[in-house]
Number of protein chains: 2
Amino acid sequence: MTSESSKKHPTPTRRISESTIHRLSVYYRQLAILESEGYHTVSSKELAKREKLTPAQVRKDLSFFGSFGTRGLGYPTTELKQKIANILGIDKLWHVALVGAGNIGSALASYKEFAKQGFELNSIFDNDQRKIGSNHKGITISDIGTLPEALKKHHIEIVVIAVPASNAQKIADICVATGIKAILNFAPINLKVPSDVVLRTVNMSMEMEYLSFYLCNRHNIDVPGKG
Amino acid sequence: MTSESSKKHPTPTRRISESTIHRLSVYYRQLAILESEGYHTVSSKELAKREKLTPAQVRKDLSFFGSFGTRGLGYPTTELKQKIANILGIDKLWHVALVGAGNIGSALASYKEFAKQGFELNSIFDNDQRKIGSNHKGITISDIGTLPEALKKHHIEIVVIAVPASNAQKIADICVATGIKAILNFAPINLKVPSDVVLRTVNMSMEMEYLSFYLCNRHNIDVPGKG
DNA sequence: TTTTAGTTGTGAATGAATTCACAGGAAAAA
DNA sequence: TTTTTCCTGTGAATTCATTCACAACTAAAA
């Protein structure tokens, strides 16, 4: 961590929309590309063009967190990338545990993008005796019964749930009871967590259903994002 | 398909938001649960309570597509579920192809929820000679070079892309050229497709980044959905 | 030095999504 | 039959997100 990254960005006074946070992730990726292409600065216009957004949107999103640009010049590529990393909290290492070593869990354990962004997966849990003790990409699979103590011992901050829908709520409850405040859920079920715990659910069937709706309706109606 | 399901719902006259479509998927799942619990009717109040939404939101979402309820009574559970299936287009069989039989691709091929919702995965493609010809859950993995003709031959309507980011755009271009109008992308890259093709991208790193942002900021600011 | 071209940051205007509030209707109780 | 209770469907009001439009500033050219 550089001294740069530990400098705090101004605390936003207003509610930040989910869309804005999502776009910050998008800007971060595009800035990495611009950096690799040798650009030292980038304008909101160029950034917007590359992501099919409006320049005003880019500037407004960034303005919630501070003034990072120079009038007449644009934004310094590397510095802005670093600032966004700081805003998103990805300029530090997060300790992540994975629960469920089935099909999706195994795929996630092998997913290299996580590590690249500072998400360190160092614990995997399962309830299948045949899997417990075995090695997956250098990580030993632990008994799910040891989840509470292991979460504390390894200072886990984020739990990825990839167990069948029928077990997911039970796992979520254990995580919440152990003090976990962030859960990424792949089970196709609406988990209930307290309001101070942030939950993101990736439901692949629902993504397919969106595509299906569009295929059925694209001749009749406008669809968002399809100017 | 019943005669019920082929009856057309009224064409919406106004743009339907992504959020509304997403919530229709949510209602659909909750209606299946209510049905299994023996409820013949359900009020917008009850449906809202179970999904942490407002009753007005539920009624408004449904009203874009027609009048499905009875004043004083609520909505007929089974019938409404069927109507939503019809709106979403999941009361028919969709032909789906998967490109990429790596970690994520393999997990998706084994994902049972797809088949349950009428998404029939009947073709898998890869460029790895060791995988081509082998069997995955009863589906032979084909050479990616045969993609264009195979998409036509099997009447594929939806393509799931699960190849590395570096190859994803190339695959998307092939799909678009072959006439595919719906793509579900798992590669961590912003694919470019024409405006008449619907694209959904699932980027797991971005989901993690959202959690990270929340963990960093929950003490300072409001976060959407966390009243 | 002055002018011109370029770009940010932000209050105001606009547009979109959600919630309110109530007329209209259905069923059950009185 | 009449009254009461319940619930939908929807126009209006409100809240939230995006876009506009321009003052403020920078750099480079004249």
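Just so we're on the same page: letters track the sequence lines, and every chain starts at 1.
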Q) Expressed in angstrom and rounded to an integer, what is the separation of B/Q57 atom CD from C/dC20 atom P? A) 11 Å
Q: Classify every nucleotide of nucleotides 24-30 of chain D by which part a protein heavy atom approaches to under 4.0 Å, writing B for the base, S for the sugar-phosphate alone and - for neither, in 5'-to-3' order.
A: BBS----
Q) For B/K45 and D/dT8, what is the distance between atoms NZ and C1' respectively, to the nearest whole Å? A) 14 Å
Q: Rounded off to whole Å, could you give me the CD-to-C1' distance for the A/E46 and C/dT8 pair?
A: 16 Å
Q: Please answer whether the main-chain N or O of B/A97 pairs with a side-chain N or O of B/S123 as donor and acceptor at a distance below 3.5 Å.
A: no
Q.
By nearest atom, which of the nucleotides D/dA21, D/dT18, D/dT10 is closest to the B/S63 side chain?
A. D/dT10
**Q.** Results of salt bridge (Lys or Arg N to Asp or Glu O under 4.0 Å) for A/K181 - residues two or more places apart only
**A.** A/D196
Q.
When you measure from the side chain of B/S106 to the backbone of B/G102, do you find a donor-acceptor pair of N or O atoms at a distance under 3.5 Å?
A. yes
Q) At what angle, to 10 degrees, do the two end axes of the helix from C/dT1-D/dA30 to C/dA30-D/dT1 meet, given five pairs define each axis? A) 10°
**Q.** Pair A/Y210 + A/F213: ring centers closer than 6.0 Å
**A.** no
Q | Interatomic distance where CZ belongs to A/F65 and C1' belongs to C/dT8 [whole Å] | A | 17 Å
List, with names and distances, any nitrogen or oxygen atoms from the protein found under 3.5 Å away from nitrogen or oxygen atoms belonging to nucleotides 11-15 of chain D.
unit_1: D/dG11; atom_1: O6; unit_2: B/K60; atom_2: NZ; d: 3.4

Q) Would you say the side chains of B/N103 and A/Y111 form a donor-acceptor pair under 3.5 Å? A) no
Q. B/Y28: what forms a ring-ring contact (aromatic ring centres under 6.0 Å, His included) with it, not counting sequence neighbours?
A. none
Q | Sequence-distant partners of B/Q117, side-chain hydrogen bond (donor to acceptor under 3.5 Å, both in side chains), two or more places apart | A | none
Q: Mind checking salt bridge (Lys or Arg N to Asp or Glu O under 4.0 Å) for A/K112 and listing every partner two or more places apart, or none if nothing turns up?
A: none
Q. Taking NZ from A/K52 and P from D/dT19, how many angstroms apart are they, rounded to a whole number?
A. 15 Å
Q.
Expressed as a whole number of angstroms, how long is the span from A/F68:CZ to C/dT8:P?
A. 14 Å
Q: Keeping to residues at least two apart or across chains, list the salt bridge (Lys or Arg N to Asp or Glu O under 4.0 Å) pairs with something in residues 156-167 of chain B.
A: B/K92-B/E157
Q: Give a yes/no answer on whether the side chain of B/R59 brings an N or O atom under 4.0 Å of OP1 or OP2 in C/dC22.
A: no
Q) Do B/E209 and A/S25 have side-chain atoms, one donor and one acceptor, less than 3.5 Å apart? A) yes
Q.
If I take atom CZ in residue A/F64 and atom P in nucleotide D/dT19, what distance separates them, rounded to the nearest angstrom?
A. 12 Å
Side chains of residues 52-59 of chain A: which donor-acceptor pairs under 3.5 Å do they make with residues two or more places apart or in other chains?
unit_1: A/T54; atom_1: OG1; unit_2: A/Q57; atom_2: N; d: 3.1
unit_1: A/R59; atom_1: NH1; unit_2: A/S44; atom_2: OG; d: 3.1

Q.
If you compare every side-chain N and O of B/Y75 against the phosphate oxygens of D/dG9 (OP1, OP2), does one of them come in below 4.0 Å?
A. yes
Q.
Can you tell me which nucleotide in D/dT18, C/dG9, D/dT8 comes closest to the side chain of A/S17?
A. D/dT18
**Q.** salt bridge (Lys or Arg N to Asp or Glu O under 4.0 Å) contacts in which one or both residues fall within residues 34-47 of chain A, not counting sequence neighbours
**A.** A/E35-A/K81, A/E37-A/R50, A/E46-A/K49, A/E46-A/R50
Q) Listed in order of residue number, which residues of residues 33-43 of chain A have a non-hydrogen atom at under 4.0 Å from DNA chain D? A) none
Q: Using heavy atoms to find the nearest nucleotide of DNA chain D for A/D61 and B/G69 separately, return the residue whose nucleotide is more 5′.
A: B/G69
Q | Closest listed nucleotide, where the reference is the side chain of B/S44 and the choices are D/dT8, C/dT19, D/dT18 | A | D/dT8
Could you pull out every donor-acceptor pair under 3.5 Å between side chains of residues 159-170 of chain A and any protein atom, sequence neighbours left out?
unit_1: A/Q169; atom_1: OE1; unit_2: A/K192; atom_2: N; d: 2.9
unit_1: A/Q169; atom_1: NE2; unit_2: A/D173; atom_2: OD1; d: 2.8
unit_1: A/Q169; atom_1: NE2; unit_2: A/K192; atom_2: O; d: 3.0

Q.
Please report the distance, rounded to the nearest Å, between CD in A/E18 and P in C/dA16.
A. 20 Å
(Q) Could you check whether any side-chain N or O of A/S67 sits under 3.5 Å from a backbone N or O of A/S63, counting only pairs where one atom can act as donor and the other as acceptor? (A) no
